[in-house]
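Worksheet: the structure to be examined is printed underneath.
Within every chain, numbering begins at 1; the chains are lettered A, B, ... in the order of the sequence lines, protein sequences first and strands thereafter.
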2 protein chains.
Amino acid sequence: MTTAEDRIARIALTWLTEPGTWTVHRLVDELGPAATLELLRDGGAPDGPLRATVAARTGAGDPRAVAEKALARADRLGARLVTPSDPEWPTQVGDLRRLALTGSGRRVDRDTAPPLCFWVRGAWPLAEALDRSVAVVGARAATGYGVHVATDLGYGLAERGWTVVSGGAFGIDAAAHRGTLTAGGVTVAVLACGVDRPYPVGNTALFDRIAETGLLISEWLPGAEPFRPRFLIRNRVIAAATRGSVLVEASARSGATQTLRRAAGLRRPAMVVPGPVTSALSVGAHELLREEPHTRLVTGVAHVVEEVGRIGSDLAPPARGPERPTDHLDDEATMLLESMPRRGVTGLDAIAARAGVAARTALRKLALLEQLGMVVRRAEGYALAPPPTRR
Amino acid sequence: MTTAEDRIARIALTWLTEPGTWTVHRLVDELGPAATLELLRDGGAPDGPLRATVAARTGAGDPRAVAEKALARADRLGARLVTPSDPEWPTQVGDLRRLALTGSGRRVDRDTAPPLCFWVRGAWPLAEALDRSVAVVGARAATGYGVHVATDLGYGLAERGWTVVSGGAFGIDAAAHRGTLTAGGVTVAVLACGVDRPYPVGNTALFDRIAETGLLISEWLPGAEPFRPRFLIRNRVIAAATRGSVLVEASARSGATQTLRRAAGLRRPAMVVPGPVTSALSVGAHELLREEPHTRLVTGVAHVVEEVGRIGSDLAPPARGPERPTDHLDDEATMLLESMPRRGVTGLDAIAARAGVAARTALRKLALLEQLGMVVRRAEGYALAPPPTRR
């Protein structure tokens with residue numbers, strides 16, 4: 001079989017059976033794409049649903065002819081086909097082979113086989129663009145909070161040299177893409193329709209910018225329409241192409257939470273940004289954190305990079321409040337300081353008694369506090385030092 | 001030893017050594033309070049720091065005389081002393097015996113012994129008020145978001161018959177108390193100073209309302225001042241007196257996070273409400289959720305009651321988006337529905353081909369969709385039914 005035959009067969013199979021179908025994937029593994037295509041066209045699909053699907057599609061055209069037309073259309077458009085035999089194939093999507101999902105048994109949870117091919121618009125070699133990449137996904141009806149957080153993540157990841165992958169949708173997806181573009185980074189939109197007609201149309205200007213500096217990619221043929229189930233089938237690629245996925249906002253029933261479950265199923269970092277519990281757009285995020293044991297709460301780019309980066313090189317600094325001069329005092333010194341009235345001078349014995357510290361110890365500690373500028377000594381005893389004047 | 005002697009000795013020991021001191025607790029367990037008091041007064045404390053503390057305090061007065069005066073003062077005020085021999089003693093605070101803290105080794109993490117006695121203002125028997133109780137704690141400099149959430153939690157817990165325990169501070173504590181009072185519930189403020197001078201003074205009206213319908217309690221003698229270390233020593237009681245603790249807002253370095261760590265150390269539910277990652281007042285909450293494996297994310301009263309309630313009786317309903325009529329369709333029907341153009345009539349074969357469904361199956365499913373009112377049949381094919389008109 002020539003490479004050209006292999007490519008045509010992969011396109012034809014994608015069109016004939018929809019991406020992600022396990023039966024097709026297993027046949028291709030065993031027989032190769034061209035023989036699989038012959039088998040299916042001859043009515044030899046090993047299961048009834050697949051046979052019905054193939055029969056229905058074949059009625060609408062010859063699969064090879066459809067594939068040839070798609071290649072020509074892509075060529076006119078400046079798009080290219082990438083298959084597993086190409087050097088730019090992102091091999092990590094093959095990890096979908098071991099994706100174990102515990103779910104509803106619905107089609108979107110069953111059809112998780114690795115892609116047969118990708119259509120690509122943009123100059124970057126696909127594997128290179130996706131090598132150090134993080135997915136940032138979330139709700140379309142995002143709030144100002146979610147848009148802010150996703151934009152920040154996109155920007156921060158780009159600054160640190162990470163590619164940001166998302167689905168090109170309104171809301172969180174668009175914010176993540178835009179944040180990345182603003183920082184001059186590489187962003188990849190994984191579409192659920194043809195790369196020649198990215199959906200939604202309202203993001204056309206954004207898609208054009210992504211194609212210029214990043215990549216638009218899709219499993220579906222040029223011209224393919226974005227039917228709703230395709231978004232969910234597509235999500236497995238977002239999870240499998242990246243080193244980890246971050247969910248920013250999601251309502252209780254959101255496709256974005258599926259992407260996170262797929263990332264967790266692939267044992268890739270599945271990260272969730274929490275939000276106000278008063279927001280319906282954070283319900284899905286919090287449910288994931290409560291119910292899915294492999295998700296991890298992250299609050300910003302430092303945490304994300306810590307999860308996806310190499311161990312030891314990308315650790316987030318611990319959260320700290322402002323340092324206080326009293327932080328380093330021992331318990332007795334703290335008690336003495338706390339026991340002194342705000343105003344006025346107090347005798348050594350009185351301070352020691354209030355603090356529950358022996359007088360000799362109190363004398364020593366108060367001398368230290370004086371040296372630290374926290375206490376001033378007077379003839380009759382000690383007083384708190386005035387607070388430092390601000391400049 | 002008479003009960004009166006036991007009580008005087010417990011008060012005197014609290015004054016002489018500060019609450020929570022393990023050495024004192026062990027001596028009281030072994031010798032009883034009166035003999036422990038004698039031993040300490042005679043300079044027989046088994047360790048140097050305790051000996052120094054006792055020596056310093058003894059200089060300020062006779063412990064028994066101080067105790068007698070405190071009892072008289074409490075009596076005038078309408079407050080009472082509760083000790084382990086009283087029927088209203090909350091035995092659960094004894095669980096502090098097995099509190100295992102991994103921490104800095106600072107005094108507040110060492111001095112976690114059970115209380116010797118409580119001063120109580122309010123009509124409720126202490127054990128009864130605390131039997132079904134939850135702690136709600138958090139930042140003093142709370143945001144509007146935190147105050148809203150804490151008020152809601154206080155209200156909702158009161159509605160479900162739970163007592164709300166907090167520390168009486170500004171911010172989250174006050175909001176939790178107020179929410180509970182608004183719902184006509186029982187709330188308990190655990191103070192770090194005398195019950196006759198609850199701190200902060202700005203919450204005086206709130207403390208008066210709490211004393212009328214709930215309880216003000218403290219380990220410290222009437223008249224005791226709220227030195228800062230006392231708040232942290234006090235926090236162990238908030239964790240130990242309740243069935244679980246909820247943190248609403250906390251900055252990176254907050255005493256409230258210590259209460260949660262104590263609850264976790266006692267193997268009681270340690271619950272944390274997340275917030276916007278853009279808020280400094282949620283940093284401590286998110287750090288707890290990330291770093292403390294025994295904390296649990298909660299988003300509202302239903303989750304809290306699920307954690308602290310009896311198994312099987314208080315379960316939170318799962319988060320769900322609004323139910324959609326298409327939720328119950330099978331994959332083929334969904335694909336058919338998704339494949340139909342928004343407008344206009346499409347022939348059976350075209351719909352079947354686009355959906356990848358066999359024509360015979362499509363016919364059957366479309367008939368079902370028609371019966372469900374989702375599709376209308378026309379002479380030339382099928383069209384999507386118009387959306388239902390809203391009333």
Side-chain angles (χ1 to χ4, degrees), chain A residues 16-18 49 51-57 59-61 106-107 145 148-149 225 227-229 251-254 273-278 282-284 286-287 289-290 296-300 303 318-322 331-332 334-335 338-339 349-350 352-362, chain B residues 16-18 49 51-57 59-60 106-108 145 148-149 225 227-229 251-254 273-278 282-284 286-287 289-290 296-300 303 318-322 331-332 334-335 338-339 349-350 352-362:
Chain A
L16 207 54
T17 66
E18 290 287 311
R51 213 148 42 231
T53 304
V54 169
R57 283 277 162 86
R106 291 185 60 181
R107 183 165 175 173
Y145 165 71
H148 173 89
V149 171
E225 288 178 68
F227 300 141
R228 184 147 64 96
S251 53
R253 309 186 52 169
S254 160
V273 177
V277 297
T278 46
S282 285
V283 170
H286 296 147
E287 278 296 310
L289 285 169
R290 283 175 53 82
R296 183 107 167 99
L297 186 152
V298 294
T299 70
H303 288 158
R320 286 182 62 94
D331 294 326
E332 281 148 342
T334 305
M335 276 303 273
E338 296 288 335
S339 306
D349 290 342
R354 288 174 64 152
V357 173
R360 219 169 46 188
T361 311
Chain B
L16 206 55
T17 66
E18 289 287 312
R51 213 152 38 233
T53 305
V54 169
R57 282 278 163 87
R106 290 185 61 183
R107 183 167 177 171
V108 293
Y145 165 71
H148 173 89
V149 170
E225 287 179 70
F227 300 141
R228 185 147 65 97
S251 53
R253 309 185 53 168
S254 160
V273 177
V277 297
T278 46
S282 286
V283 171
H286 296 147
E287 278 297 310
L289 285 168
R290 281 175 55 82
R296 183 107 169 99
L297 186 153
V298 295
T299 70
H303 288 157
R320 285 182 62 93
D331 293 326
E332 281 149 342
T334 305
M335 277 303 272
E338 296 288 337
S339 307
D349 290 343
R354 287 174 63 154
V357 173
R360 218 169 47 186
T361 310

Options R57(B), E225(B), R51(B), H148(B), ranked by heavy-atom pairs under 4.5 Å with chain A, top entry: R57(B)

Does the side chain of V277(B) reach to within under 4.5 Å of the side chain of P274(A), using non-hydrogen atoms? yes

Tell me which of these, S254(B), A353(B), G59(B), G275(B), has more heavy-atom pairs under 4.5 Å with chain A than the rest. G275(B)

Minimum heavy-atom distance L297(B)-L289(B), with the two atoms named: N-CD2, 3.6 Å

Which atoms of S251(B) come close to chain A, meaning under 4.5 Å heavy atom to heavy atom: side chain ones, backbone ones, both, or neither? neither

Best-contacting candidate, T299(B), V149(B), L16(B), T361(B), against chain A by heavy atom pairs under 4.5 angstrom: T299(B)

Of the listed G300(A), A56(A), P276(A), A358(A), the one with the largest count of heavy-atom pairs under 4.5 Å with chain B is P276(A)

Chain A contact via V298(B) - side chain, backbone, both or neither, heavy atoms under 4.5 Å: both

Which atom names give the shortest non-hydrogen contact between R290(B) and R296(A), and what distance separates them? O-NH1, 3.1 Å

Sequence-distant partners of P49(A), side-chain contact (heavy atoms from CB on, under 4.5 Å), two or more places apart: D47(A)

Sequence neighbours excluded, which residues qualify as side-chain contact (heavy atoms from CB on, under 4.5 Å) partners of S339(A)? R354(A), A355(A), F227(B)

